[in-house]
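Heads up: the structure comes next, in structure tokens.
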Amino acid sequence: MSGKVIKVGLMGLGTVGTGVYKVMENQRSEFPHKIGAEMEITKILVRENAMEDAKARVRSDIQVVGSYEDIVNDPEIDIVVEVMGGIDFAKKCILACLNAGKSVVTANKDLVAVHGRELLDAAAANGCDFLFEASVAGAIPIIRPLKQCLAANNISEVMGIVNGTTNYILTKMTLEGMTFEEALAKATELGYAEADPTADIEGLDAARKVAIMGSIAFNSRVVLDDVYVEGITKLTAEDISYATEMGYTIKLLGVARHAEGDGIEVRVHPMLIPSSHPLATVNDSFNAVFVHGDAVDDVMFYGRGAGELPTASAVVGDVMDIARNMMYNCKGRIHCSCYKDIPIKAIDDCRSSYFIRMQAMNRPGVLAAISGVFGENNVSIAQFIQKNAVDEEAEMVLITENVLEKDFRKAVDALREMPILKEISAIIRVYSA
Ligand code: NAP
Ligand code: HSE
């Protein structure tokens, strides 16, 4: 054994920070065998008003500090873990650590999805590691596989369920008939949801993860603003029930695609997927990511996408990776992998199949008029059901073939002008292979 002790500074002692502390404690006696050195947390940054509580929760020889500079300026600390979340303060802390020659691990997708390049550049300039495995799909290894194990591929698609909160909500609504509000409250209680769950339910959290995965998969920077986003707040029990009846399950999916010679397609939205598809059985807070590469073909990663210990598993795995690098004096081995500059494809130019639920007059000729509008706009219909006719009104549900988004939108705009149509109640994309 080297006799070396690697010292770690922890910034944030919330859900993930507490998990990191516990996992580091559990693994303490294993570190000398796994990395060739001892490793321990020596300082933890919390807010001034949380210091007493934090001291009571951690080993007495750990220093609980109220200023980030106590960690940045500590020459004994080699690795810093940032798990406070947020953008400005976290970015300031991470840059200060990197500029002080410390390697950094973060779970902060908000930050990486917007400022990833700047942080990776700072790490490279200082010869440090900047790792962020936990920022995408919690416990699931996906960043490291994309950057290392699958590096020999041209990746054409990365697609999956990357938000635990929304997957938990949709699972409970579909399988247990819970209301959206009940399921969200439970997801928050279990520590899956962000401090402000708007980012989860409006699809932004998933969008950040898809931006990060897209950047790495296609070697070209994708940022949050590039991602087309729709959340799950408009989904109703009726949509879930129709989907089930038609053999589908509704999931919030993140999709990043790139075909040779084309732009990068990157989007997050609810999608009907066939109930026989492997992603349809990914339930509760579990996440799953499919990757297609020209050499590897299909690979799927599955596991817990959120929560205290699962997320800490990924964070501490990164810390151990850095520690191993340090033991061989080879910090900063894997840099920013975005060496291309591929344009982002507009959503209008993407193709999809669509589920559309609408309320229309129940009269002869209505169906012909509706299908006529679709036909005039190059949208062909694959499935149709009509029910719930009450008085003069009926609910109609259609699924289209795989069509261009701009054609589908033109058809919907034309439908909205028709007096026979009372309301378009839902539009949801449908998976087509
Ligand atoms: P959290 O429970 O809110 O914990 C964050 C902690 O950091 C809180 O105790 C917070 O204190 C503290 N903090 C915030 N700003 C601080 C500052 N300026 N100085 C000192 N302490 C500060 O959040 P979390 O769920 O652990 O998430 C942490 C990070 O991990 C986020 O970037 C999140 O996106 C990411 N992540 C979370 C999960 C998950 O399952 N929870 C999974 C993957 C990634 P206050 O409460 O007083 O603000
Ligand atoms: N709020 C996130 C989720 C945590 O529900 O997946 C993991 O990033």
Side-chain angles (χ1 to χ4, degrees), residues 9-22 43-51 53-54 57 64-72 81-94 96 104-115 132-140 142-143 160-171 183-184 186-210 212-213 231-232 252 254 268 282 284-289 303-315 318:
L10 176 62
M11 294 181 163
L13 193 62
T15 303
V16 180
T18 302
V20 169
Y21 171 74
K22 288 181 185 169
K43 282 188 179 166
I44 303 181
L45 171 69
V46 300
R47 290 193 197 274
E48 296 274 356
N49 63 6
M51 289 179 69
D53 172 63
R57 292 166 51 208
V64 174
V65 299
S67 161
Y68 78 103
E69 285 163 328
D70 280 332
I71 291 180
V72 174
V81 174
E82 183 283 305
V83 281
M84 298 176 289
I87 300 222
D88 294 337
F89 184 67
K91 183 180 170 200
K92 179 171 153 182
C93 292
I94 292 175
V104 175
V105 175
T106 185
N108 193 332
K109 61 255 165 186
D110 304 36
L111 185 58
V112 178
V114 178
H115 299 291
F132 43 92
E133 184 64 67
S135 68
V136 177
I140 302 178
I142 183 67
I143 307 287
I161 295 169
V162 287
N163 182 267
T165 302
T166 47
N167 202 38
Y168 181 87
I169 293 172
L170 292 175
T171 303
L184 173 59
K186 193 80 185 139
T188 304
E189 185 189 316
L190 291 167
Y192 305 149
E194 299 299 304
D196 175 1
T198 315
D200 292 300
I201 59 182
E202 295 294 358
L204 281 174
D205 178 78
R208 290 174 176 128
K209 295 167 183 169
V210 174
I212 297 170
M213 285 195 294
I232 64 163
L252 183 75
V268 168
V282 174
D284 297 314
S285 71
F286 281 90
N287 284 196
V289 183
R304 289 201 180 274
E308 181 188 288
L309 294 179
T311 309
S313 159
V315 172
D318 275 352

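Atoms within each ligand, like the ligands themselves, are counted from 1 in listed order.
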Taking the side chain as every heavy atom from C-beta outward, state whether [X] and [Y] have any pair of such atoms under 4.5 Å apart.
| X | Y | result |
| --- | --- | --- |
| Val289 | Val162 | yes |
| Lys91 | Val114 | no |
| Val83 | Leu10 | yes |
| Ile142 | Glu133 | yes |

Does [atom] have a protein non-hydrogen atom under 4.0 Å from it?
| atom | result |
| --- | --- |
| atom 46 (O) of ligand 1 | no |
| atom 3 (O) of ligand 1 | no |
| atom 10 (C) of ligand 1 | no |
| atom 25 (O) of ligand 1 | yes |

Nearest to [atom], what protein heavy atom do you find, and at what distance?
| atom | value |
| --- | --- |
| atom 15 (N) of ligand 1 | Arg47 NH2, 3.2 Å |
| atom 40 (O) of ligand 1 | Gly307 N, 2.7 Å |
| atom 35 (C) of ligand 1 | Ala107 O, 3.3 Å |
| atom 28 (C) of ligand 1 | Val83 O, 3.4 Å |
| atom 7 (O) of ligand 1 | Met84 CA, 3.5 Å |

Ligand-residue contact atoms, ligand 1 with [X], heavy atoms, under 4.0 Å:
| X | value |
| --- | --- |
| Lys109 | 33 (C), 34 (O), 35 (C), 36 (N), 43 (C), 44 (C) |
| Ala134 | 43 (C), 44 (C) |
| Gly85 | 31 (C), 32 (O) |
| Gly14 | 2 (O), 4 (O), 6 (C), 9 (O), 26 (O) |
| Ala306 | 40 (O) |
| Gly12 | 7 (O) |

Quiz item: Is Gly86 in contact with ligand 1, taking contact as a heavy-atom separation below 4.0 Å?
Solution: no
Quiz prompt | Minimum non-hydrogen distance to atom 17 (C) of ligand 1, winning option of Phe89, Phe132, Tyr68 | solution = Phe89
Quiz item: With a 4.0 Å cut-off, would you call Asp205 and Lys209 a salt bridge?
Solution: yes
Quiz item: Are any of the N or O atoms of Val16 closer than 3.5 Å to those of ligand 1?
Solution: yes
Quiz item: Does an N or O from Tyr192, backbone or side chain, lie closer than 3.5 Å to an N or O of ligand 1?
Solution: no
Self-check item: Val46 contact mode with ligand 1 (heavy-atom cut-off under 4.0 Å)
Solution: backbone
Quiz prompt | Residue portion contacting ligand 1 (non-hydrogen atoms closer than 4.0 Å) for Thr311 | solution = side chain
Quiz item: Hey, which residues fall under 4.0 Å of ligand 2 on heavy atoms?
Solution: Lys109, Asn163, Gly164, Thr165, Tyr192, Ala193, Glu194, Asp200, Asp205, Lys209, Gly305, Ala306
Quiz item: Asn287 and Ile140: which non-hydrogen atoms are nearest, and at how many Å?
Solution: O-CD1, 3.3 Å
